[in-house]
Amino acid sequence: MSDANLTVVYDGECPFCSNYVRLMALRRSVGTVALVDARAGGPLVEDLARRGYDLDNGMVVRHGRSLYYGPDALVLLSTLSEDRGAIGRALSRLLRSPTRARLLYPAMKLGRRATLALLGRGLIARPDPGLPL
């Protein structure tokens, strides 16, 4: 894992994922942030796959020694973010609630998949969890 205070592993080709990560203004509130495009692969992405995290179904955030996945990752990012712009503020306030995040997450995943299909982009290539590093 990275030495950053916060590591976010997300789909860099998904416009929603990329814009959400940029809107959250995390650096000022948590210090060093590492943004990792899951499509780039590498040891971190392979490690997460071996641990059972499906990056086509959710982003992963490491904060301290804890890993947060899917709607839990959104709640954490929303809680740690500073209010920046009207859209960032609205998303942050909306997704700070674990209940709302869990209710909205399936629709967000569906929207991501539909958008990727419309843009002619495939899902993230998952590394074989059985491969050695």
Side-chain angles (χ1 to χ4, degrees):
M1 293 277 181
S2 160
D3 289 333
N5 297 338
L6 187 81
T7 302
V8 181
V9 183
Y10 68 103
D11 183 356
E13 287 190 23
C14 169
F16 300 123
C17 304
S18 297
N19 288 328
Y20 177 76
V21 169
R22 285 187 190 93
L23 279 172
M24 289 298 101
L26 294 164
R27 284 181 180 85
R28 284 173 274 168
S29 61
V30 297
T32 307
V33 177
L35 300 177
V36 177
D37 181 354
R39 290 179 186 266
L44 174 58
V45 173
E46 291 168 6
D47 180 55
L48 291 171
R50 267 194 304 281
R51 292 176 186 222
Y53 293 100
D54 180 354
L55 296 172
D56 274 318
N57 283 307
M59 68 172 57
V60 175
V61 176
R62 181 188 59 89
H63 186 242
R65 301 184 97 186
S66 299
L67 292 174
Y68 300 83
Y69 177 68
D72 296 327
L74 291 181
V75 171
L76 177 68
L77 292 177
S78 295
T79 302
L80 295 174
S81 70
E82 296 179 357
D83 291 342
R84 186 170 95 178
I87 295 172
R89 266 193 307 279
L91 275 174
S92 180
R93 289 181 183 147
L94 179 68
L95 296 173
R96 280 183 186 161
S97 162
T99 302
R100 282 193 300 263
R102 286 189 199 296
L103 287 172
L104 293 172
Y105 205 72
M108 294 168 77
K109 287 190 327 184
L110 181 62
R112 172 187 169 266
R113 286 182 185 240
T115 300
L116 289 176
L118 287 171
L119 294 172
R121 298 176 185 162
L123 296 177
I124 297 169
R126 289 182 284 259
D128 181 349
L131 289 176
L133 285 178

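The figures that follow rest on heavy atoms only: side chains count, while hydrogens, waters and symmetry mates do not. Because the structure is predicted, anything quoted here is derived from the model rather than measured.
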S.K.: List for me each residue that meets side chain to side chain donor-acceptor pair (under 3.5 Å) alongside Arg121, sequence neighbours excluded, and say none if there are none.
M.R.: none
S.K.: State, with a plain yes or no, whether a side-chain heavy atom of Leu44 is found less than 4.5 Å away from one of Thr7.
M.R.: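 They are in side-chain contact.
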S.K.: With salt bridge (charged side-chain N to carboxylate O under 4.0 Å, His left out) as the test, would you mind laying out the steps for Arg102 and Asp72 before giving the verdict?
M.R.: CA-CA 8 Å; Arg102 286 189 199 296; Asp72 296 327; 2.6 Å; yes
S.K.: Keeping the roles fixed (side chain from Ser18, backbone from Gly12), state whether a donor-acceptor pair exists under 3.5 Å.
M.R.: yes
S.K.: Does the side chain of Ile124 come within less than 4.5 Å of Val45's, by heavy atoms?
M.R.: no
S.K.: Which residues pass the ring pair (Phe, Tyr, Trp, His ring centres under 6.0 Å) test with Tyr68, sequence neighbours left out?
M.R.: none
S.K.: Indicate whether the side chain of Asn57 and that of Arg113 have a donor and an acceptor atom separated by less than 3.5 Å.
M.R.: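 Result is yes, a qualifying pair exists.
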S.K.: Is the shortest heavy-atom distance from the side chain of Leu55 to the side chain of Tyr10 under 4.5 Å?
M.R.: no
S.K.: Using side-chain heavy atoms (C-beta onward) and a distance below 4.5 Å, is Arg51 in contact with Leu67?
M.R.: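 Touching, per the 4.5 Å side-chain cut-off.
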S.K.: According to side chain to side chain contact (heavy atoms under 4.5 Å, CB included), who are the partners of Leu103, at least two apart in sequence or on a separate chain?
M.R.: Thr99
S.K.: Sequence neighbours left out, what passes salt bridge (Lys or Arg N to Asp or Glu O under 4.0 Å) with Arg100? Give chain and number order.
M.R.: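 In terms of salt bridge (Lys or Arg N to Asp or Glu O under 4.0 Å), with neighbours along the sequence ignored, Arg100 is linked to no residue.
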S.K.: A side-chain contact here means heavy atoms from C-beta on lying under 4.5 Å apart; do Val9 and Asp37 qualify?
M.R.: no
S.K.: Side-chain heavy atoms nearer than 4.5 Å, only ILVMFWY residues, links allowed to pass through others: does that put Val75 and Tyr105 together?
M.R.: no
S.K.: Do the non-hydrogen side-chain atoms of Val36 and Met59 ever get within less than 4.5 Å of each other?
M.R.: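 No. Closest side-chain heavy atoms not under 4.5 Å.
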S.K.: Using modelled atom types only, decide if a donor and an acceptor are shared between the side chain of Arg96 and the backbone of Ser78 within a distance under 3.5 Å.
M.R.: yes
S.K.: Once side chain to side chain donor-acceptor pair (under 3.5 Å) is applied, do any residues pair with Asp11, and if so which ones, sequence neighbours excluded?
M.R.: Arg39, Arg112
